[in-house]
Structures are given as structure tokens and as C-alpha cells.
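Reckoned from all heavy atoms, side chains included, excluding hydrogens, waters and symmetry mates. Counting starts at 1 for both ligands and their atoms, following the listed order.
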Amino acid sequence: MKKLRHLSNKNKQIDREFYETIRDILHHPAVQQMRIYMQHSGTNCYEHCLHVAYFNYRICRRLHLDARSAARAAMVHDLFLYDWRTHKFQTGDATHAFTHPRTAYNNAKRYFDFSEKEEEIITKHMWPVTIVPPKHPETYVIVFTDKFCGFCEFLDYYFGPLREEYRKINKL
Ligand SMILES: [Fe+2]
Ligand SMILES: [Fe+2]
């Protein structure tokens, strides 16, 4: 029991550290604007970036990588600020998957300073779509967490209501 309490306190402390690491980005109006654009299924771009930033932070911290850069870059990795589902029809541009990492970086660098490593984390998060392999291990982490979070968001959208039903029926 003591060990469990210790673990839970440690997790709370890591979560607080995570929040402090991205606080300025999190509350910025441009970043808040991501709430109006949907990303995967029922998740908007802001929520998706927050999920990816959190997993990036936890994984990189555990692996003794640069968790700060991983979290800050992830929080803006999809700051492209348009509805990608209608973008193709409105603009005739069907290259969203290839171009949105650079668009997100160009938008984000207007408001925040990024290191060369953070730039790579943002601009190559879609690798191998973006062909040239990343140099930094933190970029390989976001390549994984971005896909992992997208998959979980998809599952949550389709199976979340079923889970709620199951809980109700079984009075959980
Ligand atoms: Fe993306
Ligand atoms: Fe993403």
C-alpha cells in the first residue's frame, strides 16, 4: 500500500513537471485555436497534440532523453490550423500528409523559439512519409507516439460508447 501511494505521488509530480514544461505553449491563443479543428475521429487537434506531448514526455523521461524538447515540440506538431478533411476540396492541395509538419513548424515559430532538435521533432513527425530519416532519438519517439495516440483516439471513438454501455449494464 505504501509503495502504491509512493508511485501515485511520483506520477502526480511527473504530471506537474509535464504541465510546467509546456504551460506557456498550452495557453497560447494560436495553440488554443487547434480546439476547433478535428484530427482523428472525435479528437480535436489540441487534444491530440496534448496526448502526443504527454506520451513523448513520459517515454523520453524514462529513456533519459530530452523530455522537455520532446513535449514542447509535440504540443505544436499539428499546428497547421485548417480542417484537413475539407482542405483538399477547398484548395485543390492533396498533399496534407507531406506538407502539414512544415506548416505547423512555420506557424509555431512565429510565437515560440525552437532548437534544431525541436524543429526536427515537428517537421519529421510523419517519418517515413517525410523520407529523410531523423537524426535525434526524440524524433523516433514522436513517430511512434503520434501513430499510437492516433490509433487510441480511433479506438476510443468507436469503442468508447460500447465501453460505457458495458459499464452501465454491469453496474461498474
Ligand atoms: Fe501530423
Ligand atoms: Fe499528430
Whether Tyr140 and Trp127 hold their rings parallel, tilted or perpendicular, with breakpoints at 30° and 60°: perpendicular
Backbone N/O of Lys135 and side chain of Glu120: donor-acceptor pair under 3.5 Å: yes
The Fe ion (ligand 1) - name of the N/O/S atom of His100 that sits closest to it: NE2
Vertex the Fe ion (ligand 2), rays to NE2 in His48 and NE2 in His77 - rounded to 10°: 100°
Asp146: its N/O/S atom lying closest to the Fe ion (ligand 2) (atom name): OD1
Residues Arg23 and Glu20 bridged, charged N to O under 4.0 Å: yes
Closest Asp78 atom to the Fe ion (ligand 1) [N, O or S only]: OD1
Criterion side chain to side chain donor-acceptor pair (under 3.5 Å) on Gln32 and Arg35, from CA distance to verdict: CA-CA 6 Å; Gln32 287 290 324; Arg35 287 181 186 276; 2.7 Å; yes
